[in-house]
2 protein chains.
Amino acid sequence: MATRKADHRPTRGRPPKLSRDVICDAALSMLAEQSAASLSLRDLGEFLGVDPTAVYRHFADKDDLLREVGDRALAPAIRGLVPTDDPGEDLARLCLALRRTLLRNPVALNLTSIGPTRHRNELRITEVMLDAFLRAGLSEDDAVIGYHVLIEYTLGSALLDAPLAAQGSARTQTYRQWRSDYAALAPADYPASVRVAKRLYPPSDQVFQVGLRTLIDGLTT
Amino acid sequence: MATRKADHRPTRGRPPKLSRDVICDAALSMLAEQSAASLSLRDLGEFLGVDPTAVYRHFADKDDLLREVGDRALAPAIRGLVPTDDPGEDLARLCLALRRTLLRNPVALNLTSIGPTRHRNELRITEVMLDAFLRAGLSEDDAVIGYHVLIEYTLGSALLDAPLAAQGSARTQTYRQWRSDYAALAPADYPASVRVAKRLYPPSDQVFQVGLRTLIDGLTT
DNA sequence: ACCTGAACACCGTTCAAGT
DNA sequence: ACCTGAACACCGTTCAAGT
């Protein structure tokens with residue numbers, strides 16, 4: 001059991017200033033205000049009042065740190081989630097919460113470029129989704145496929161929306177610009193695009209709901 | 001029309017060594033061997049036999065360059081694509097080709113973090129997809145939603161697979177490791193995960209096909 | 001045991017100067 | 001008109017030294 005529990009066992013020297021917990025908390029609070037890419041270990045060190053390289057006593061490298069920070073950012077996605085007797089509804093609620101969480105704090109999207117972390121929150125999300133598919137009556141093989149499909153879709157949606165979500169209220173203006181770009185294309189070359197240009201970029205939540213319902217309905221029946 | 005055609009009009013001085021075309025070709029051939037993140041303007045300059053900062057005469061910044069390079073990398077996704085009288089089949093073929101292209105050269109995945117580029121290949125892909133949904137009988141609003149959903153899913157799938165595709169044959173070993181990680185979890189806390197651990201990570205092409213068919217069927221009927 | 005500080009090997013980008 | 005080269009303001013990471 002417990003592969004690595006002794007992270008800070010009682011030592012005799014002066015108490016350590018830092019720990020994985022303290023460092024992650026600091027990184028998370030910094031990431032609430034700036035983008036994930038712009039977080040440097042030097043800034044983090046300054047924020048903690050510590051030499052920039054002190055972090056290396058607790059994490060192997062920046063990726064290691066971002067993996068753990070990303071998993072922490074996932075916490076709100078499963079907080080307070082209680083299974084009902086409608087597995088399809090459970091899946092929808094989890095995916096909606098996951099997407100909302102990812103858009104609020106895109107650090108967790110970095111996880112996609114690294115692969116599974118097998119940290120706590122990620123594991124719990126996997127468990128809840130697999131359980132729901134199994135309760136819906138799917139075979140083990142189909143439950144696994146359904147799980148991968150829903151994760152791919154939910155992360156893909158959050159990923160494409162993230163840069164816009166960061167724009168806040170300027171978002172509407174950006175959409176207006178993009179629509180007029182499409183409307184200005186040569187109709188001979190891009191007939192369908194020009195035709196629907198005015199309707200491109202509907203509210204992204206609505207798009208996600210349609211895709212999500214389509215997948216859940218199609219996968220669980 | 002042609003907003004900016006005069007990229008290299010006949011000049012009187014010595015012929016320019018560089019052009020957007022030449023630079024993009026160089027970047028693409030370098031990216032065939034290394035990852036997108038590891039491409040530096042200094043390496044690119046050396047490859048071109050030119051000062052590292054010469055690129056700034058032709059592109060505003062690195063993002064500008066990567067946008068155009070990314071769009072070029074998309075070319076194989078629509079090359080030789082001819083619409084049939086089965087729009088659903090056209091959509092499936094395009095998404096499969098797009099995913100294959102993205103996995104072969106993940107530069108284009110960078111586009112997701114920037115937003116639409118409105119470069120040539122991206123525009124063509126959008127046009128083909130919107131056209132197919134309209135031919136399938138969807139309303140303009142529904143066609144737009146279908147387009148967004150399929151793009152989100154296809155990019156999400158490619159994004160999650162990309163790091164593994166880069167591993168090549170080591171991939172099988174990685175999957176084996178991950179499966180045994182899940183199998184080793186506490187069954188009391190992760191019953192579903194432990195139960196299906198041996199079946200996690202089926203061939204990712206198969207997962208994608210299931211999700212893709214589910215979406216296309218559900219969206220076009 | 002944990003943190004510091006100098007150092008290494010890099011980045012993207014700007015701008016005055018050359019031709 | 002286009003390219004060069006020095007310079008600026010950064011990076012992540014290593015490692016010997018301190019306490």
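So that the names make sense, note that chain A is the first sequence line, chain B the second, and so on, each numbered from 1.
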Contact under 4.0 Å: Lys17(B) side-chain N or O vs dT4(D) OP1/OP2: yes

Can you check whether His58(B) has a side-chain N or O nearer than 4.0 Å to OP1 or OP2 of dC2(D)? no

Would you kindly give the [atom1]-to-[atom2] distance between [X] and [N], to the nearest whole Å?
X: Phe59(A); N: dC3(C); atom1: CZ; atom2: P; value: 12 Å
X: Glu46(B); N: dC10(C); atom1: CD; atom2: P; value: 11 Å
X: Leu39(B); N: dC11(C); atom1: CG; atom2: P; value: 10 Å
X: Leu66(B); N: dC11(C); atom1: CG; atom2: P; value: 14 Å
X: Arg20(B); N: dC2(D); atom1: CZ; atom2: C1'; value: 16 Å
X: Asp61(B); N: dC11(C); atom1: CG; atom2: C1'; value: 14 Å
X: Tyr56(B); N: dA16(C); atom1: OH; atom2: P; value: 17 Å
X: Leu41(B); N: dT4(D); atom1: CG; atom2: P; value: 14 Å

Would you indicate which nucleotide in [options] comes nearest to any side-chain atom of [X]?
X: Lys62(B); options: dT4(C), dG12(C), dC3(D); result: dG12(C)
X: Arg57(B); options: dC15(C), dC11(C), dC3(C); result: dC15(C)
X: Leu18(B); options: dC15(D), dG12(C), dC3(D); result: dC3(D)

Using Watson-Crick or G-U wobble geometry with both distances under 3.5 Å, which nucleotide pairs with dC10(C)? none

Opposite nucleotide pairing with dT4(D), Watson-Crick or G-U, both atom distances under 3.5 Å: dA16(C)

Take atom P in dC10(D) and the same atom in dA9(C), then report the distance between them in whole Å. 22 Å

Looking at [Y] and [X], is any side-chain nitrogen of the basic one under 4.0 Å from a carboxylate oxygen of the acidic one?
X: Asp181(B); Y: Arg176(B); value: no
X: Asp25(A); Y: Arg72(A); value: yes
X: Asp161(A); Y: Arg99(A); value: yes

Has Arg195(A) got its NZ or CZ under 6.0 Å from the middle of the six-membered ring of Tyr190(A), at an angle within 45 degrees of the ring axis? no

Check: Asp71(B) side chain, Asn121(B) main-chain N or O, donor-acceptor pair, under 3.5 Å: yes

Between Ala60(A) and Asp43(A), which residue's closest nucleotide on DNA chain D lies nearer the 5′ terminus? Asp43(A)

Each nucleotide N or O in nucleotides 5-9 of chain C that has a protein N or O under 3.5 Å away: list the pair and distance.
{"residue": "dG5(C)", "atom": "N7", "partner": "Asp51(A)", "partner atom": "OD1", "Å": "3.4"}
{"residue": "dG5(C)", "atom": "N7", "partner": "Asp51(A)", "partner atom": "OD2", "Å": "3.2"}
{"residue": "dG5(C)", "atom": "O6", "partner": "Thr53(A)", "partner atom": "OG1", "Å": "3.0"}

Are His148(A) and Phe208(B) close enough that their ring centres sit under 6.0 Å apart? no

CZ (Arg118(A)) with more than 12 external heavy atoms under 6.0 Å: yes

